[in-house]
There are 2 protein chains.
Amino acid sequence: MPPYTETLTRLVETNGQESAGTLASTVYDRLRGDILSGSLPPGEKLRTEALRTRYEVGNSPIREALNRLSADGLVTREDQKGFRVASASLADLEELLKTRCWLEEIALRESITNGDADWEERLVLAFHRLSRVRRSSSEDHYSVNPQWEDLHRAFHLSLLSACGSRWLLQYCAQLNDQADRYRQLAIIVSYPKRNELTEHEAMTKAATDRNVDEAVSLLLAHYERTARIIRETISEFEES
Amino acid sequence: MPPYTETLTRLVETNGQESAGTLASTVYDRLRGDILSGSLPPGEKLRTEALRTRYEVGNSPIREALNRLSADGLVTREDQKGFRVASASLADLEELLKTRCWLEEIALRESITNGDADWEERLVLAFHRLSRVRRSSSEDHYSVNPQWEDLHRAFHLSLLSACGSRWLLQYCAQLNDQADRYRQLAIIVSYPKRNELTEHEAMTKAATDRNVDEAVSLLLAHYERTARIIRETISEFEES
DNA sequence: CAATCAAATAATTTCGATATTTAATTAACA
DNA sequence: TGTTAATTAAATATCGAAATTATTTGATTG
């Protein structure tokens with residue numbers, strides 16, 4: 001397998017189901033999912049004992065998973081004081097948004113410039129798959145659909161996957177994860193008003209048309225829009 | 001302490017001496033240092049047993065350190081197959097260089113644009129300290145001087161420290177670490193021909209003069225030059 | 001009554017041993 | 001002789017308990 005496809009595959013497989021040859025990796029995946037979905041909210045203390053019963057494994061796998069997540073920035077660690085879910089704030093959101101725009105603009109420009117036919121096909125495929133899955137797993141109210149989340153992640157990474165730098169791609173993936181935590185806060189409010197499908201479709205078209213500037217501005221607008229919704233949501237919560 | 005100063009402090013303290021409240025953190029620091037200095041070469045298998053005797057601790061701290069390092073990208077991990085030092089190659093070096101230039105250009109532009117008097121003072125101070133320490137800890141031949149390495153790291157991060165994004169700053173720090181591994185391969189050859197002090201001085205001046213374009217081009221040239229030396233060194237090794 | 005110190009309680013970190021998995025070696029067979 | 005299967009050896013991953021460190025509680029004193 002060519003290196004980029006491999007890297008992409010690894011990044012895309014949030015491995016809810018397939019990977020994980022060890023308990024530590026399984027716990028890592030589950031913990032990661034629970035943090036991204038908001039099931040473990042920002043700032044939450046992560047006690048070993050509690051996690052041991054929650055995931056039904058011993059001490060070591062829990063600890064390994066937490067250490068990896070702390071290097072990923074999803075969990076904070078303080079010597080002798082244990083772990084907690086990384087905190088979240090409006091200021092952090094702004095910083096995150098800014099950084100994402102910087103990095104993804106580069107990645108997208110490079111990706112469109114260098115992307116070959118393979119990349120184009122991966123992108124179209126990723127969009128198709130995403131368009132086939134419902135945003136929410138329930139009809140009337142919103143509830144996280146892990147399948148959509150995975151495909152959404154895969155779509156955005158596909159866009160950037162031909163950027164030519166595994167480092168950059170990994171960083172974009174990491175920032176994506178961070179943003180997902182915030183997105184879960186806002187989704188309940190905005191659902192189902194926003195038509196994300198159209199936005200994704202437009203991006204796919206601009207990218208496969210090799211229209212760099214158009215694609216970049218669509219992507220950045222996409223993120224700005226998401227951030228605005230999140231900002232408004234959080235403000236409302238803080239007011240009440 | 002303001003958040004950025006704190007982040008910078010944490011990133012700069014490669015904590016060879018002071019931090020480390022737990023064995024795991026101590027081992028993490030020492031392992032990191034041994035990898036960056038090349039004492040543990042790229043590709044090296046990292047057996048728990050060997051590391052246990054090397055660092056004189058039990059199983060768990062070793063494992064924790066390795067897991068953190070794997071998320072940092074200095075170590076690779078494969079389920080059921082353990083850990084090794086991340087590999088290195090000419091192709092990876094090019095990718096690294098490219099990514100560094102992308103990210104550090106943004107960081108430096110932002111830093112110079114937003115940096116306040118505090119930042120300026122931190123920078124001047126960092127340069128002064130660096131200029132006071134010898135590149136090599138031995139007079140006649142080259143041998144790693146950990147103090148210089150720390151101050152060099154601190155200098156480069158100071159330059160970027162006012163970029164306004166802890167994420168970006170952290171990524172630049174990570175890529176710096178990666179580049180350090182390569183730098184250790186080349187230093188023996190280039191030492192003491194190159195005058196790095198002059199280069200750092202010029203950067204400091206351009207930055208404090210708020211001459212953005214000049215500072216950026218000096219920084220990128222600095223990295224290009226380093227990369228060229230490394231390329232040549234590696235080529236020579238491969239030929240022989 | 002506030003503040004400080006001491007004991008007990010809880011949580012984190014570490015160790016040593018065991019279970020599982022992978023890698024290496026040998027043996028059997030075509 | 002070369003290939004596959006079985007066996008042995010080595011290494012990784014995991015567990016449960018002990019040791020260390022933080023936190024809370026309660027008592028004592030100024």
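Numbers restart at 1 for each chain; the letters A, B, ... are given by sequence-line order, proteins then strands.
Remark: side-chain polar atoms of Glu121(B) are not paired, donor with acceptor, to backbone N or O of Asp116(B) under 3.5 angstrom. When atom types are taken as modelled, the side chain of Glu95(B) and the backbone of Arg166(A) share a donor-acceptor pair closer than 3.5 angstrom.
Side-chain contact check for Asn67(A) and Tyr28(B): no donor-acceptor pair (N or O, by modelled atom type) lies under 3.5 Å. Judged purely by distance below 3.5 Å, without hydrogens or angles, the side chains of Asp34(A) and Tyr55(A) pair a donor atom with an acceptor atom.
Atom CD in Glu64(A) sits roughly 12 Å away from atom P in dT12(D) (whole-Å rounding). Counting to the nearest Å, the P atom of dT14(C) and the CD1 atom of Ile62(A) are 17 Å from each other. If you measure from atom CG of Leu66(B) to atom P of dT12(D), you get 10 Å, rounded to the nearest angstrom. Computed from coordinates, the Leu23(B) CG to dA19(D) C1' distance equals 12 Å when rounded to whole Å. Between Asn67(B) atom CG and dT12(D) atom P there is a gap of 13 Å when expressed in whole angstrom units.
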Distance-only donor-acceptor hits, side chain of residues 39-50 of chain A, under 3.5 Å, sequence neighbours excluded:
{"from": "Ser39(A)", "atom 1": "OG", "to": "Arg54(A)", "atom 2": "NH2", "distance (Å)": "3.2"}
{"from": "Lys45(A)", "atom 1": "NZ", "to": "Lys81(A)", "atom 2": "O", "distance (Å)": "3.4"}
{"from": "Glu49(A)", "atom 1": "OE1", "to": "Arg52(A)", "atom 2": "NH2", "distance (Å)": "3.0"}

Step by step, work out the ring pair (Phe, Tyr, Trp, His ring centres under 6.0 Å) result for Phe127(A) and His152(A).
-> CA-CA 8 Å; Phe127(A) 169 73; His152(A) 184 239; over 10 Å; no
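Side-chain contact check for Asn145(A) versus Ser136(A): every heavy-atom pair is 4.5 Å or farther apart. Residues Arg32(A) and Leu69(A) have side chains in contact (heavy-atom distance under 4.5 Å, counting atoms from C-beta outward).
Taking every heavy atom of residues 70-77 of chain A and every atom of DNA chain C, no pair lies under 4.0 Å.
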Check nucleotides 8-12 of chain C for protein N or O atoms closer than 3.5 Å to its own N or O atoms and list the pairs.
{"from": "dT12(C)", "atom 1": "OP1", "to": "Lys45(A)", "atom 2": "NZ", "distance (Å)": "2.9"}
{"from": "dT12(C)", "atom 1": "OP2", "to": "Thr48(A)", "atom 2": "N", "distance (Å)": "3.3"}
{"from": "dT12(C)", "atom 1": "OP2", "to": "Thr48(A)", "atom 2": "OG1", "distance (Å)": "3.2"}

With both pairing distances under 3.5 angstrom for Watson-Crick or G-U wobble, and | for a partner in another strand, the correct string for DNA chain D is ||||||||||||||||||||||||||||||
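Considering only residues two or more places apart in sequence or on other chains, Phe83(A) meets the ring pair (Phe, Tyr, Trp, His ring centres under 6.0 Å) condition with none of them. For Glu64(B), the salt bridge (Lys or Arg N to Asp or Glu O under 4.0 Å) partners are Arg63(A), Arg68(B), not counting sequence neighbours.
Using a cut-off of 4.0 Å between Lys/Arg side-chain N and Asp/Glu carboxylate O, Arg84(B) and Glu78(B) are scored as not salt-bridged.
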